[in-house]
Amino acid sequence: MSRSVPDGATVWLTGLSGAGKTTIGDALVPALAATGARAVLLDGDRLRRGLSRDLGFSPADRAEQARRTAQLAALLAGDGLVAVVALVSPLRADRAAARTAHVAAGVPFLEVWVRTSLRECERRDPKGLYARARAGELTGLTGVDAPYEPPCAAELVVATEEESAARAAARIAQAVRSAASSLA
Ligand SMILES: Nc1ncnc2c1ncn2[C@@H]1O[C@H](COP(=O)(O)OS(=O)(=O)O)[C@@H](OP(=O)(O)O)[C@H]1O
Ligand SMILES: Nc1ncnc2c1ncn2[C@@H]1O[C@H](COP(=O)(O)OP(=O)(O)O)[C@@H](O)[C@H]1O
């Protein structure tokens, strides 16, 4: 039986700072709501002001940030919500662990690579982080002097230099519907 209203799922947006994760997440929540889904955005920046305020940007702290967020997302998705995660999550191992937590919970997990070149992220620099890093005032910025490992098997890739946030959100919402109905 197919369902028009998707059940729970997690959409995991990964990419550099300034790639467009928050912007796409903000567009995705209402796009999902329009399909009847209840969606919530779990944004790395915002999580770090509360749930993860004890964490920095060492590899261990980034792994812990991904672990906590994956656990929270899987709980919400297990209750029928669509958890939209927007986390830099630069390391493949951390994203793979997030996927494994969802597989264990029987919840669909869609990894979305928000693919934007470092050059374009630096041009946008919405928070001035790249300027600070280039000025030597900030160390460990992903893409500058900390690694970003591109996904090998993301369910979707959004090339933001070619696709609008609204168009990407519509495409992701459609993929969530397909993932949910394939379990029906
Ligand atoms: N060194 C360094 N590297 C990356 N990001 C940095 C750093 N320092 C501060 N910020 C700000 O923190 C936001 C990323 O938090 P995340 O929890 O998504 O990062 S991670 O997944 O743990 O790598 C990130 O938010 P976004 O710009 O929305 O990606 C930045 O605003
Ligand atoms: N196609 C696009 N998708 C997403 N963001 C875009 C796009 N084109 C330009 N932008 C801009 O890029 C910036 C991305 O910032 P943000 O969403 O905070 O990124 P992140 O959450 O990945 O750090 C915003 O100023 C946004 O308006």
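Ligands are counted one by one from 1 in listed order, and the atoms in each one are counted from 1 as well. Just so it is clear, the values below take in all heavy atoms, side chains as well, and ignore hydrogens, waters and symmetry mates.
- For Leu47, no heavy-atom contact with ligand 1 is shorter than 4.0 Å.
- Set against the non-hydrogen atoms of Lys21, the atoms of ligand 1 under 4.0 Å away are 29 (O).
- Sorted by chain and number, the heavy-atom contacts of ligand 2 below 4.0 Å come from Leu16, Ser17, Gly18, Ala19, Gly20, Lys21, Thr22, Thr23, Ile24, Arg124, Pro126, Thr160, Glu163, Ser164, Ala165.
- Annotation: Val88 places an N or O atom under 3.5 Å from an N or O atom of ligand 1; distance criterion only.
- Using modelled atom types, one side-chain atom of Asp125 and one backbone atom of Leu129 make a donor-acceptor pair closer than 3.5 Å.
- Residue contacts with ligand 1, taken as heavy atom pairs separated by less than 4.0 Å, do not involve Ser52 at all.
- By the side chain to side chain contact (heavy atoms under 4.5 Å, CB included) test, Asp54 is found to be paired with Arg68, residues two or more places apart in sequence or in another chain being considered.
- In this structure, Val114 is a member of the same hydrophobic cluster as Leu156, with clusters built from ILVMFWY side-chain heavy atoms closer than 4.5 Å.
- One finds a salt bridge joining Glu155 and Arg99 here, because a Lys/Arg side-chain nitrogen approaches an Asp/Glu carboxylate oxygen to under 4.0 Å.
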Side-chain polar contacts of residues 80-87 - donor-acceptor pairs under 3.5 angstrom, sequence neighbours left out - could you list them?
none

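- Close contacts between ligand 1 and Ser17 involve ligand atoms 26 (P), 27 (O), 29 (O) [criterion: under 4.0 Å to a heavy atom].
- No donor-acceptor pair under 3.5 Å is formed between the side chain of Arg115 and the backbone N or O of Ala159.
- Scanning the protein heavy atoms around atom 15 (O) of ligand 1, the nearest turns out to be Arg48 NE, 3.2 Å.
- Put simply, the side chain of Glu122 never gets that close to the backbone of Tyr130: no donor and acceptor are under 3.5 Å apart.
- Geometrically, Arg95 engages Tyr148 in a cation-pi contact defined by less than 6.0 Å to the ring centre and at most 45° from the axis.
- For the pair Glu161 (side chain) and Ser117 (backbone), a donor-acceptor distance under 3.5 Å is present.
- Near Thr142, meaning under 4.0 Å from any of its heavy atoms, are these atoms of ligand 1: 3 (N), 4 (C).
- Contact atoms of ligand 1 toward Pro90: 23 (O) (distance under 4.0 Å to a heavy atom of the residue).
- The distance from ligand 1 to the heavy atoms of Asp45 drops below 4.0 Å at these ligand atoms: 11 (C), 12 (O), 13 (C), 24 (C), 25 (O), 30 (C), 31 (O).
- Of the heavy atoms in Gln65, only side-chain atoms (C-beta onward) come closer than 4.0 Å to ligand 1.
- Between the side chain of Thr69 and the backbone N or O of Ala66, no donor-acceptor pair lies under 3.5 Å.
- Close approach of ligand 1 to Ser89 (heavy-atom distance below 4.0 Å) involves ligand atoms 20 (S), 21 (O), 23 (O).
- Taking any N or O of Gly140, backbone or side chain, at least one lies under 3.5 Å from an N or O belonging to ligand 1.
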What donor-acceptor contacts under 3.5 angstrom involve side-chain atoms of residues 15-22, with partners at least two apart or in another chain?
{"residue": "Lys21", "atom": "NZ", "partner": "Gly15", "partner atom": "O", "Å": "3.2"}
{"residue": "Lys21", "atom": "NZ", "partner": "Leu16", "partner atom": "O", "Å": "2.9"}
{"residue": "Thr22", "atom": "OG1", "partner": "Asp43", "partner atom": "OD1", "Å": "2.7"}

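- Within ligand 1, the atoms closer than 4.0 Å to a non-hydrogen atom of Arg62 are 1 (N), 2 (C), 3 (N), 4 (C), 22 (O), 23 (O), numbered from 1 in the order shown.
- Scanning all protein heavy atoms for the shortest distance to atom 26 (P) of ligand 1 gives Lys127 NZ, 3.1 Å.
- The nearest protein atom to atom 12 (O) of ligand 1, hydrogens excluded, is given as Phe57 CZ, 3.2 Å; this is a heavy-atom distance.
- Closest protein heavy atom to atom 30 (C) of ligand 1: Leu129 CD1, 3.4 Å.
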Quick one: do Arg124 and Thr160 satisfy side-chain hydrogen bond (donor to acceptor under 3.5 Å, both in side chains)? Show the steps, please. CA-CA 12 Å; Arg124 295 177 184 171; Thr160 72; 2.9 Å; yes
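- With Arg92 contributing its side chain and Pro150 its backbone, the two residues share a donor-acceptor pair below 3.5 Å.
- Using a 4.5 Å cut-off on side-chain heavy atoms (C-beta onward), Arg171 and Val158 make contact.
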